Peer 1: 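Let me give you the structure first, and then I'll get to my questions.
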Amino acid sequence: MITFKNVAKKYPDGFEALKNIDFHIKKGELIALIGPSGCGKTTTMKMINRLIEPTGGTILIDGEDISEKDPVKLRRNIGYVIQQIGLLPHMTIGENISLVPRLKGWKKDKYDHKIDELLNLVGLDPETFKDRYPSELSGGQQQRIGVIRALAAEPPVILMDEPFSALDPISREQLQDELIKLQDTIQKTIVFVTHDMDEALKIADRIAIMREGRIVQFDTPERILRHPADDFVKGFIGEQRLEDLSNDKPAAADLMIDKVVTARASRGLAEALKMMKRYKVDSLMVTNPEDQLLGIATIGAVERFYNEEDKTIGDIMDKDFHAVELESPYTDVAEVFAKKRASFIPVLNNGKLAGLITQSTMMRGLAGMKTSARQEGGSLDEQ
Ligand code: ADP
Ligand code: MG
């Protein structure tokens, strides 16, 4: 569908923005171009609709050299979405969406129908939105209009240059999800520029990673994650993500709940009992102001000493507990459960209490389920 053959861009000042770019994008593919600022993503993209002309090489769309085409006609068959939205402020949403179809001479019936269809596609009610002006929409809504406007004339190719970068994280996720769904139906050839690897991994069929005017790797998300071409690509994927991949064995941190019911050693036993009832727990983690774990007060011990009114939690707590560290492998956790017959295990981070593992949070963690069914945490000293 789109082929770059040895494409280069050298500016008059001698700067080589693109060096020998070669790639082929298949029909219906969604390609992400990703790389640091200034690496040539936008330049590559703007060459496809001839907003920038190469100084070397050839670009073909459907086998035809685009340098021989009328740029205006070419652009009418290529949708274009940019970060700054670019809606025309004096036109209604409906007029904005139907701009290119009208330029192409579509009949009113046809483009009216298209406006409704596209608004529905991104969950905006046509009756509510088509007669509004861009300024009457939120940023996320405006960007949705930007996306569907690019689809309106049913172009086979769509270019999107960091279309969601200016949005808040929630709208951004929503639009990414919508784009994925949209692409399932429309199956266009989409070139999507981003500097966000999470976004690229989420939406793209293949990712081209660029650096200083070259493509260093062009592959599926799966293959890029498994076989990064070099250290630059590794850096771009991120240390954390690679670690997550190599470390599929969970550690204590993945198995614990991090909201734990704590109490200070100086508190009395009636307070301890009230706290246990309130949070429906049978033990309190006794901590000092630095969050260090001093001991564990069990309901059994509290009841045993309950009649001795001047006893504190510190007096009755069990100081002989077995804890694990955040990064302890799950095998260590399982061993503590087995050998110490513990019903739960505190998790420490440099001596500070970080969480708690019970048999059930461990099973959930091992099954890859989030330990989100968290009990409510609490502290005697918050009251
Ligand atoms: P990005 O990957 O951030 O989208 P661009 O494709 O916009 O990067 O730019 C690629 C490089 O080309 C940048 O280093 C930019 O400074 C340079 N560049 C853009 N326009 C010109 C110009 N007219 N003259 C010289 N260098 C330019
Ligand atoms: Mg750019």
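We count ligands from 1, going down the list as the structure has it; atoms in each ligand are counted the same way. These numbers come from the heavy atoms of this one structure, side chains and all, not from hydrogens, waters or symmetry mates. Position 1 is the first residue of the sequence; numbering continues from there. Being a predicted model, the structure only gives us computed values, none of them experimental.
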Peer 1: Taking it one step at a time, do R267 and T312 satisfy side-chain hydrogen bond (donor to acceptor under 3.5 Å, both in side chains)?
Peer 2: CA-CA 5 Å; R267 298 300 178 128; T312 63; over 6 Å; no
Peer 1: Kindly indicate whether a cation-pi arrangement holds for R206 with F218, taking the cut-offs as under 6.0 Å to the six-membered ring centre and within 45° of the axis.
Peer 2: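 That pair qualifies as a cation-pi contact.
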Peer 1: Starting from atom 6 (O) of ligand 1, find the nearest protein heavy-atom neighbour and note its residue, name and distance.
Peer 2: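 The protein heavy atom lying closest is T43 OG1, 2.5 Å.
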Peer 1: T42 heavy atoms, cut-off 4.0 Å: which ligand 1 atoms fall inside?
Peer 2: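 What qualifies from ligand 1 is 1 (P), 4 (O), 6 (O), 7 (O).
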Peer 1: What is the closest protein heavy atom to atom 18 (N) of ligand 1, and at what distance does it sit?
Peer 2: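 Answer, as residue, atom name and distance: Y11 CE1, 3.5 Å.
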Peer 1: Looking at atom 23 (N) of ligand 1, is any protein heavy atom nearer than 4.0 Å to it?
Peer 2: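 Yes.
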Peer 1: Please confirm if an N, O or S atom belonging to S37, backbone or side chain, lies less than 2.8 Å from the Mg ion (ligand 2).
Peer 2: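 For S37, the answer is no, given that no N, O or S atom comes within less than 2.8 Å of the Mg ion (ligand 2).
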Peer 1: Geometry only, no angles: is T44 polar-contacting ligand 1 at N/O separations under 3.5 Å?
Peer 2: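 It does not: no N or O of T44 is found under 3.5 Å from an N or O of ligand 1.
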Peer 1: Taking C-beta and beyond as the side chain, do P163 and F192 meet within less than 4.5 Å on heavy atoms?
Peer 2: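 P163 vs F192: side chains touch.
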Peer 1: Does ligand 1 come near enough to A17 that some N or O of the ligand is less than 3.5 Å from an N or O of the residue?
Peer 2: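 No, since none of the N or O atoms of A17 sits under 3.5 Å from an N or O of ligand 1.
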Peer 1: Using heavy atoms and a threshold below 4.0 Å, how should the contact between D13 and ligand 1 be classified: side chain, backbone, both, or neither?
Peer 2: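 Answer for D13: side chain.
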Peer 1: Answer yes or no for K9 and Y11: cation-pi contact, defined as NZ/CZ to six-membered ring centre under 6.0 Å and angle to ring axis within 45°.
Peer 2: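 Because its charged atom sits under 6.0 Å from the ring centre and within 45° of the axis, K9 does stack over Y11.
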Peer 1: Are side-chain N/O atoms of T194 and D196 paired as donor and acceptor at under 3.5 Å?
Peer 2: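 No - no donor-acceptor pair under 3.5 Å links their side chains.
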Peer 1: Considering only protein heavy atoms, which is closest to atom 16 (O) of ligand 1, and at what distance to one decimal place?
Peer 2: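 Ranked first by proximity to atom 16 (O) of ligand 1 is F15 CE2, 4.9 Å.
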Peer 1: Search all heavy atoms of F164 against all heavy atoms of E199 and return the closest pair with its distance.
Peer 2: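 That would be CD1-OE2, 3.6 Å.
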Peer 1: Got L269 and E309 here, is their nearest side-chain heavy-atom distance under 4.5 Å?
Peer 2: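 Of all side-chain heavy-atom pairs linking E309 with L269, none is under 4.5 Å.
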Peer 1: Closest by any non-hydrogen atom to atom 8 (O) of ligand 1: pick that one out of G213, G35, P12, G38.
Peer 2: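 Result: the heavy atom closest to atom 8 (O) of ligand 1 is in G38.
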